[in-house]
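Remarks on the structure that follows.
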There are 2 protein chains.
Amino acid sequence: MPMYVVGHKIPDSDSICGAIALAYLKNQIGEPAVATRLGEVSPETAFILERFGFEAPELKLSYAGEEVYIVDHSELTQAPDDIAEATIVGIVDHHKLGDLTTSTPLECWIRPVGCSNTVIKMMYDFHGVDIPKEIAGIMMCAILSDTVIFKSPTCTTADIRCVEDLAKIADVDDFEALGMEMFNVKSAVAGTPIRDLVMRDFKDFNMNGNLVGIGQLEVVDLTVFDDIKAELEADIATLKEEGKRHTVMLLLTDIMKEGSELLVVSDDVAVVERAYGKQTENGRVWLDGVLSRKKQVVPPLQEAFA
Amino acid sequence: MPMYVVGHKIPDSDSICGAIALAYLKNQIGEPAVATRLGEVSPETAFILERFGFEAPELKLSYAGEEVYIVDHSELTQAPDDIAEATIVGIVDHHKLGDLTTSTPLECWIRPVGCSNTVIKMMYDFHGVDIPKEIAGIMMCAILSDTVIFKSPTCTTADIRCVEDLAKIADVDDFEALGMEMFNVKSAVAGTPIRDLVMRDFKDFNMNGNLVGIGQLEVVDLTVFDDIKAELEADIATLKEEGKRHTVMLLLTDIMKEGSELLVVSDDVAVVERAYGKQTENGRVWLDGVLSRKKQVVPPLQEAFA
């Protein structure tokens, strides 16, 4: 029986590309593995997969009785619903340590870097396995996405060196141009149903017993939201009620201006204001320099809830 | 401010030697680090430290406001009492994933091998740092202890290769003889206060909301316990009441016969019997082939509690 390699719910490019890259590595070292996913691929991820000639991994929601290798998180809320009935054999991640636990020993490759694929590159190096050209391509794109082409404060020298190495293997001359092409795909929000936009990169967190959902949309120019901002706000309010969440926030991130407009609905907006040291106005606030949910948005909020 | 590198409560040789070895590595790569401990060193650990010329790390119980690198576990019950007020920057371990969580990204080097020091050796290799002779010696002894000189089912080829490498660096010709010397020190229980024996290698686990304490004494011949077994049993009963534990078990492990006599006091001994598929008699049962708390004792009990 193979292990399944799967990223988080509402998969981003790191989850999908990481699952493909890690499943390939595991197969090379004699551990049968199949990449799967927990949801639809985003337009950005579809662009990456097409660019390098991959199909999306199989959609698989249930893992009871299976062996699972978790990619890009260690949170119960982001894992398959029946993860408690599966055996977690490993975790590769670059976030805070979440609330997943196991009853047997496992491997965890977790590093404070910008992208899980940077860690997966370390795993290839450790095992001395060559990375195929196409896999190097999707790993590189995942890192460019997660680090916002190196602009995010989460980006480390390890990520930059990793992209440089992978670009050579993938035979990509101008990886920055490819990164911008990718973010332009990501910025094409017109015509997409509002709920799809809100959920495109949405994660739930358990903050001191409170369910908090945080979505993020990264674009090259915030004006793309001018006509739909009110609809986005109405939808996160609905989402909050539907999921019995304490708070739902949506980060509208301008990767060129390097900051985010935060839209927030909350049972206690004062917690959010305390977290970021700024007042909201009609549920909106501009957070200058904030590009990273992981490093700049989640930790202060977690502290404020503690 | 340095980070503190600290193993679990009631430290074993892996926790103490691992803290020393990892703190040295961190200092070598420009990250100031100080090894500390959460309790007294065992006679076995004292033997190892003396053999290679080390002092015990500083005893330090409070870590509020500090950066901490955790060695040899990922469990709240085994961590410093005020760990929630510290920042966990890393975890090196070889157990199941426990309930420690963080609010910021960290590094986790967790592998399903026999000893944390085997993982620390991988960290030295990754960073390209030479292991000093004396540190190689204590790392080697920690692995020989945790793997019961390779007899434990937790022992992997990675552990064996690691000991072979470290023995060369440490200039130890016959590591098996050194291992037996170490276990003979460990077997000298006469004259030691009963409570000290019970607590020598004792770990608390949270099993589905129930506090379960499991101690282990590894000796070369179980007859050393003949005269004190009743006292040990009385003491684990006291320990159960004092700590409001659901269950306390003590494993008396015979490393030559390769099995363990389990002493148990429990609110529900049927759970324990279900876990191991054997009836107890007056709170005792022989578990043939059982050497490893981590691999053979904890997981079945955790399942039985689930």
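Chain identifiers are assigned alphabetically (A, B, ...) following the order of the sequence lines, protein sequences preceding nucleic acid strands; residue numbering begins at 1 within each chain.
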Inset, instruction - Taking T102(A) for its side chain and L97(B) for its backbone only, find out whether a donor-acceptor pair lies under 3.5 Å. - result: yes
Legend entry - Engaged part of I91(B) at the chain A interface, taking heavy atoms whose separation is under 4.5 Å: side chain
Legend entry - Heavy-atom pairs under 4.5 Å with chain A, option from T101(B), L106(B), T104(B) with the top count: L106(B)
Legend entry - Leading residue by heavy atom contact count with chain A [cutoff under 4.5 Å; candidates K96(B), M207(B), Q302(B)]: K96(B)
Legend entry - Residue that, paired with P105(B), satisfies side-chain contact (heavy atoms from CB on, under 4.5 Å) out of H95(A), K294(A), K295(A): K294(A)
Inset, instruction - Check each atom of M122(B) against the heavy atoms of chain A and say whether the ones under 4.5 Å are side chain, backbone, both or neither. - result: side chain
Legend entry - chain A contacts, top residue of P299(B), P112(B), C108(B) (heavy-atom pairs, under 4.5 Å): C108(B)
Legend entry - D267(B), CG atom: more than 12 neighbouring heavy atoms under 6.0 Å: yes
Legend entry - Best-contacting candidate, R111(B), E107(B), E303(B), against chain A by heavy atom pairs under 4.5 angstrom: R111(B)
